[in-house]
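In this text the structure is predicted, and so the values were computed from the model without any measurement. Just so we're on the same page: letters track the sequence lines, and every chain starts at 1.
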Protein chains: 2
Amino acid sequence: MDRDRIDEPRPAFLLSQLGAHAASQFAERLKVLDLAPQDAGVLRLLRVAAGLSQQELAGRLRIHPSRLVAILDNLGKRGLVERRANQEDRRLYSLFLTKRGEETLERIGKVAQEHQEALLSALSREERDTLATLLLKVADHQGLVRGVHPGYQRMGATKRPGEPVNTKSL
Amino acid sequence: MDRDRIDEPRPAFLLSQLGAHAASQFAERLKVLDLAPQDAGVLRLLRVAAGLSQQELAGRLRIHPSRLVAILDNLGKRGLVERRANQEDRRLYSLFLTKRGEETLERIGKVAQEHQEALLSALSREERDTLATLLLKVADHQGLVRGVHPGYQRMGATKRPGEPVNTKSL
DNA sequence: TATTGTTATACTCTATAACTATA
DNA sequence: TATAGTTATAGAGTATAACAATA
């Protein structure tokens with residue numbers, strides 16, 4: 001059998017374990033700004049891709065369009081994001097970051113920096129660089145989109161999108 | 001501002017992103033055995049700590065005891081885990097892996113191996129070792145318990161344990 | 001009175017599909 | 001007819017608290 005010895009943790013499990021830990025720690029820190037990770041994702045994407053429609057934004061973040069509505073309602077109500085009417089097609093909104101949204105994004109950046117510092121404090125600068133290089137290599141090879149967290153897709157969801165509804169559960 | 005250039009992905013974000021990806025890929029592969037990640041966690045722990053009570057098991061896995069009931073009902077019904085009456089204290093069950101449970105654990109090991117191979121295929125053997133070393137260093141420093149995934153705590157949950165019930169939502 | 005395992009209830013959050021208005 | 005954004009509904013899965021048996 002050969003596996004009755006003390007388990008050497010598999011790197012894949014470590015990755016998954018640490019990733020979940022990192023995500024929850026970051027979400028915890030974001031609460032200071034009264035924001036959730038998806039909110040940060042939306043704001044960050046709108047900085048580099050201003051003017052997107054909701055459909056486009058949802059597509060890029062892998063969020064269901066109907067879910068994005070509530071997220072944008074909240075961010076809009078708080079004056080961080082603006083829905084501007086699109087002249088050419090009046091069915092569409094064009095989404096923009098407000099001044100306050102940009103400021104909030106700066107604060108998010110600080111929070112993320114502190115988070116990362118705490119998370120990786122066990123590593124030297126050089127080790128962090130090595131880690132970043134390796135992770136980026138794997139992420140690119142796996143086809144992960146920069147800045148798009150798989151968790152955005154379903155943060156507290158219970159059913160996978162596209163998964164058939166289970167009529168006769170239990 | 002200095003951050004208007006192309007984002008160098010932060011290693012902390014990469015970690016979180018890749019971790020979520022790894023977790024979902026693994027969960028997907030586990031479906032072949034009709035098991036969820038928590039099930040694998042239960043079986044694995046019972047291999048090295050046979051005879052635990054449900055309370056002890058729940059405590060170690062950071063799963064709510066009432067949730068563990070359904071998990072064990074399922075594993076028991078399928079003959080992978082056995083609830084033996086405890087002679088000394090008849091309120092307790094002593095949990096054991098069955099023969100079939102051990103076999104299933106072997107299969108899980110194979111699935112995990114394949115999963116890891118696919119996940120890290122971008123890296124050389126040496127790079128994988130380096131990655132494992134760095135991750136383990138961080139995980140230990142963060143106080144993560146070997147083999148206990150933070151996601152076990154809430155896999156599709158909507159409310160954090162201990163969090164007050166939100167009476168006036170919206 | 002306290003603890004183990006169990007169950008019923010309430011709660012949160014989502015995807016789906018219907019809906020409105022525009023095209 | 002088709003598409004953008006919105007909303008209503010139902011589904012899924014949890015934590016909490018109450019429960020019965022035992023200590």
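Using a 4.0 Å heavy-atom criterion, one finds that B:Q153 contacts the sugar-phosphate atoms exclusively. Contacts of B:S66 with the nucleic acid, taken as non-hydrogen atoms under 4.0 Å apart, include base atoms.
Each of A:Q38 and A:D89 was matched to the nucleotide of DNA chain C holding its nearest heavy atom; the match closer to the 5' end belongs to A:Q38.
Remark: B:Q55 is in phosphate contact with C:dG5, judged by side-chain N or O atoms under 4.0 Å from OP1 or OP2. Of the side-chain N and O atoms in A:R91, none sit less than 4.0 angstrom from OP1 or OP2 of D:dT3. For the OP1/OP2 pair of D:dT6 and a distance below 4.0 Å, the side-chain nitrogens and oxygens of A:R83 include at least one atom meeting the criterion.
Checking B:L35, B:V111, B:I108 one by one against B:R29, the side chain to side chain contact (heavy atoms under 4.5 Å, CB included) holds for a single residue, B:V111.
With values rounded to the nearest 0.5 angstrom, B:L75 atom CG is found 9.5 Å from B:R83 atom CZ.
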- Determine, stepwise, if the pair B:L15 / B:L135 fulfils side-chain contact (heavy atoms from CB on, under 4.5 Å). CA-CA 10 Å; B:L15 203 51; B:L135 291 178; 3.8 Å; yes
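The separation between B:R67 atom CZ and C:dG5 atom P is 17 Å, rounded to whole Å. To the nearest angstrom, P of D:dT14 lies 7 Å from CD1 of B:I71. Distance CG (A:D73) to C1' (D:dA4): 14 Å, rounded to an integer number of Å. Regarding A:Y93, its OH atom lies at a distance of 12 Å from the P atom of C:dA21, rounded to whole Å. Between the CG atom of A:L68 and the P atom of D:dT7 there is a distance of 13 Å, rounded to whole Å. Across the protein-nucleic acid pair, B:Q54 atom CD and C:dT3 atom C1' stand 13 Å apart, rounded to whole Å. B:E56 places its CD atom 13 Å from the C1' atom of C:dT3, with the value rounded to the nearest Å. The distance from atom CG of B:L95 to atom P of C:dG5 is 7 Å, rounded to the nearest whole Å.
Between B:H115 and B:F26, the angle of the ring planes lies from 30° to 60°, which puts this pair in the tilted group.
For B:H64, the listed nucleotide lying nearest its side chain is D:dA15; candidates were D:dA15, D:dT7, C:dT22.
Panel note: side chain B:Q17, backbone A:V145; a donor-acceptor pair is recorded below 3.5 Å.
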